[in-house]
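Residue numbers begin at 1 in each chain, while the letters A, B, ... track the order of the sequences.
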Protein chains: 2
Amino acid sequence: MQIDTILMNNPVYDQSELYLRHISIDNVILGYHNKELKVLLQRPQGFNKWLLPGGYLKRTETLIDAAERIAKERTNLDNLFLKQFGAFGSPDRTKDSDFTPQKLSDISDIIIDDKHWMFDYFVSICFYTLTDFEKVQPNGDAYMEECVWWSVDNIPPMLYDHKDMINSALKTLRLHLYHYPIGYELLPKKFTLPEIHSLYETILNKELDIRNFGKKLIATGIIKKLDEKKKIGAHRSPYLYMFDDNQYKDALNKGIAIIL
Amino acid sequence: MQIDTILMNNPVYDQSELYLRHISIDNVILGYHNKELKVLLQRPQGFNKWLLPGGYLKRTETLIDAAERIAKERTNLDNLFLKQFGAFGSPDRTKDSDFTPQKLSDISDIIIDDKHWMFDYFVSICFYTLTDFEKVQPNGDAYMEECVWWSVDNIPPMLYDHKDMINSALKTLRLHLYHYPIGYELLPKKFTLPEIHSLYETILNKELDIRNFGKKLIATGIIKKLDEKKKIGAHRSPYLYMFDDNQYKDALNKGIAIIL
DNA sequence: TATTATAGCGTAATATTAACGGAATGATAC
DNA sequence: GTATCATTCCGTTAATATTACGCTATAATA
């Protein structure tokens, strides 16, 4: 740690604040539905660009605590899978011609100027979160006009650098797919081989031979076949599978090599 | 972004500071020498625990700017390879029974108490940096008694959570080894196959058959054989190799799969 | 010129991955 | 009942990649 003399001689610091300045947490909340990867986005009152669910860091929280709190506020779910994938910071990243102090003042009837802390330099610590689409109940807050799922293949105009964050999250997720068992949180507890196969194809955006895919995934030991089948209408019923909790946790900790 | 009403109504913000509060940058600077991976550490005046080279974020800098500046201060080198590997933050991570405000006051003859900003909540954005050991001139600053290389296999007692940061950096480096061409910055411009082989063995901490290793690395196209040999004394002279700049940059951007 | 330690080349055995044919299943239509 | 159809699921072979390891070449020294 390098100690700057100017700062060193200024011992005054106001600890009364609930949140820390300069730090925000943004969350790329992902779900899987209809063979599409979805991301949960929100649109602030009176604006037509979108934001990732985000918030600030409380003095009493760790980074992951904050990310969990933020994810819970938008999804109503606990015990989510969260993974930090990067920190974004530059002097101008909180400048956006479509989200200015002036516009915000007009809408909110609070006077907000360029010097307001909200438009100060913020470093955003980013997480991606995997959720079970069916269980998520998207809800915004008083400041948000909408909070809904968007397909990652069709992202609306985003404020700030939030589009970059989504791309970075997806890149990290694709990398993790080869080293960690992904799917536990994105799928229902019991799922079929074709279902998890579709999920992987969707995330990687490429075709995978389902016969070989099944063999390889079963060979890792992280999923196990059940003695049940799923009714899917006028076709042969596929077997149901579920993750083997022990093997799954193990693979998550140690990391595995999954060659698809 | 979630807007808290309490904060929203407090538009006052002092922009006179040079650095941002609550944010620090820490740097795991790595070098390779004598078949050992080394990390550059510094020990503050009057303390017997060590710190990673670190510093604060200036209002005018991006995160990577700050990390570069900090790396340059300690190594005297420009154009280093820097990679962000994580942000660390929790309410108590800047508490360490061996580095208290009291002790620091005693040593520095400035009065520093618990409320001093230095002991406030800090989120540290961490980078690892790859350097050419021979070119680095380690130097601390007025607050540091020592700034020297340590083998990563023999890390001295560290302050705060800096040991965790080193471990996390190494874990990330090992992962990157399989996806990006690593070695460009850690080795001299021209190097032999046995040299880069030793480097990879050292980083991964496992034996790799040199005959197969050579074939695989050459097959990727990122290194090319020169018409020169290196004199190594009483033995057969090995050929020199160097990275192919174009292929290297390409591989760094797109990522490759290196199976060792 | 023999010795020694290291570099470098080639190849056979083995394992892994990719490609794909075809049977089984569960409902529906006739 | 039986034919039809989309889908699941099992298995086999061919192609490819990886691993293991023997052998030769080289550079200095004794």
Side-chain angles (χ1 to χ4, degrees), chain A residues 34-35 174 177-179 181 183 187-188 190-202 204-243 251 255-260, chain B residues 32 34-35 177-179 181 183 187-188 190-202 204-243 251 255-260:
Chain A
N34 277 346
K35 304 207 173 189
R174 287 185 185 121
L177 202 66
Y178 293 108
H179 296 281
L187 295 168
K190 295 176 182 179
F191 52 88
T192 70
L193 227 36
E195 280 168 350
I196 193 169
H197 169 248
S198 283
L199 170 65
Y200 273 64
E201 282 195 336
T202 301
L204 293 177
N205 196 29
K206 72 173 182 187
E207 284 192 12
L208 303 167
D209 184 301
I210 188 170
R211 294 161 290 192
N212 295 329
F213 174 86
K215 277 183 285 190
K216 285 178 195 171
L217 201 60
I218 290 164
T220 66
I222 58 174
I223 63 167
K224 59 187 181 195
K225 195 178 189 172
L226 303 177
D227 259 345
E228 289 174 76
K229 293 182 177 187
K230 185 177 185 177
K231 294 267 177 289
I232 53 156
H235 306 293
R236 177 170 181 177
S237 307
Y239 280 101
L240 283 164
Y241 287 78
M242 60 186 292
F243 282 91
I256 48 174
I258 306 172
I259 310 293
L260 306 169
Chain B
Y32 176 66
N34 279 345
K35 304 205 174 190
L177 202 66
Y178 293 108
H179 296 281
L187 294 168
K190 296 175 181 179
F191 52 87
T192 69
L193 225 39
E195 281 168 350
I196 194 170
H197 170 248
S198 282
L199 170 65
Y200 274 63
E201 282 196 336
T202 301
L204 293 176
N205 196 29
K206 73 173 182 187
E207 283 190 13
L208 304 166
D209 185 301
I210 190 170
R211 294 161 291 193
N212 296 330
F213 174 85
K215 276 183 286 189
K216 285 178 197 172
L217 201 59
I218 291 165
T220 65
I222 57 173
I223 63 168
K224 59 187 179 195
K225 195 178 188 173
L226 302 176
D227 260 345
E228 288 175 77
K229 293 183 175 188
K230 185 177 183 177
K231 296 267 177 289
I232 53 158
H235 306 294
R236 177 173 180 175
S237 307
Y239 281 99
L240 283 165
Y241 287 78
M242 60 186 292
F243 282 91
I256 48 174
I258 305 172
I259 308 294
L260 306 168

Interatomic distance, A/K225 atom NZ to A/L193 atom CG [nearest 0.5 angstrom]: 8.5 Å
SB check B/E201 B/K35 (cutoff 4.0 Å): no
Sugar-phosphate, base or nothing in reach of B/K225, heavy atoms under 4.0 Å: sugar-phosphate
d(CZ, A/F213; C1', D/dG11) in whole Å: 19 Å
Nucleic acid contacts - residues 231-241 of chain B versus DNA chain D, non-hydrogen atoms under 4.0 Å: B/K231, B/G233, B/A234, B/H235, B/R236, B/S237
Gap separating the CE atom of B/M242 from the CD atom of B/E228, nearest 0.5 angstrom: 9.5 Å
Distance test, side-chain N/O of A/K229 to OP1/OP2 of D/dC9, below 4.0 Å: no
Rounded interatomic separation in angstrom, taking CG from A/L260 and P from C/dA18: 9 Å
Length of the line joining B/L208:CG and D/dA20:C1', which is rounded to integer Å: 14 Å
Integer-rounded Å distance: D/dA25 P and B/L193 CG: 20 Å
Interatomic distance, B/I258 CD1 vs D/dA17 C1' [rounded to whole Å]: 16 Å
From CD1 (A/I223) to CG (A/L187), nearest 0.5 Å: 10.0 Å
Between C/dA19 (P) and A/I210 (CD1): distance, integer Å: 16 Å
Distance, nearest 0.5 Å, that separates CD1 of B/I256 from NE2 of B/H179: 10.0 Å
Geometric class of the A/F243/A/F191 ring pair [parallel <30°, tilted 30-60°, perpendicular >60°]: tilted
Touch class at under 4.0 angstrom, heavy-atom based, for B/I259 against every strand present: sugar-phosphate
Side chain proximity check, B/Y241 to B/L217, heavy atoms < 4.5 angstrom: no
Length of the line joining B/K216:NZ and D/dT19:C1', which is rounded to integer Å: 8 Å
Whether B/H197 side chain and B/F213 backbone form a donor-acceptor pair below 3.5 Å: no
Write out a two-atom table: protein N or O, nucleotide N or O from nucleotides 21-23 of chain D, distance below 3.5 Å.
from: D/dC21; atom 1: N4; to: B/R211; atom 2: NE; distance (Å): 3.1
from: D/dG22; atom 1: N7; to: B/R211; atom 2: NH1; distance (Å): 3.1
from: D/dG22; atom 1: O6; to: B/R211; atom 2: NH1; distance (Å): 2.5

Spacing of B/H197 atom NE2 relative to C/dA7 atom P, expressed in whole Å: 10 Å
Donor-acceptor contact below 3.5 Å, side chain B/Y32 vs main chain B/L199: yes
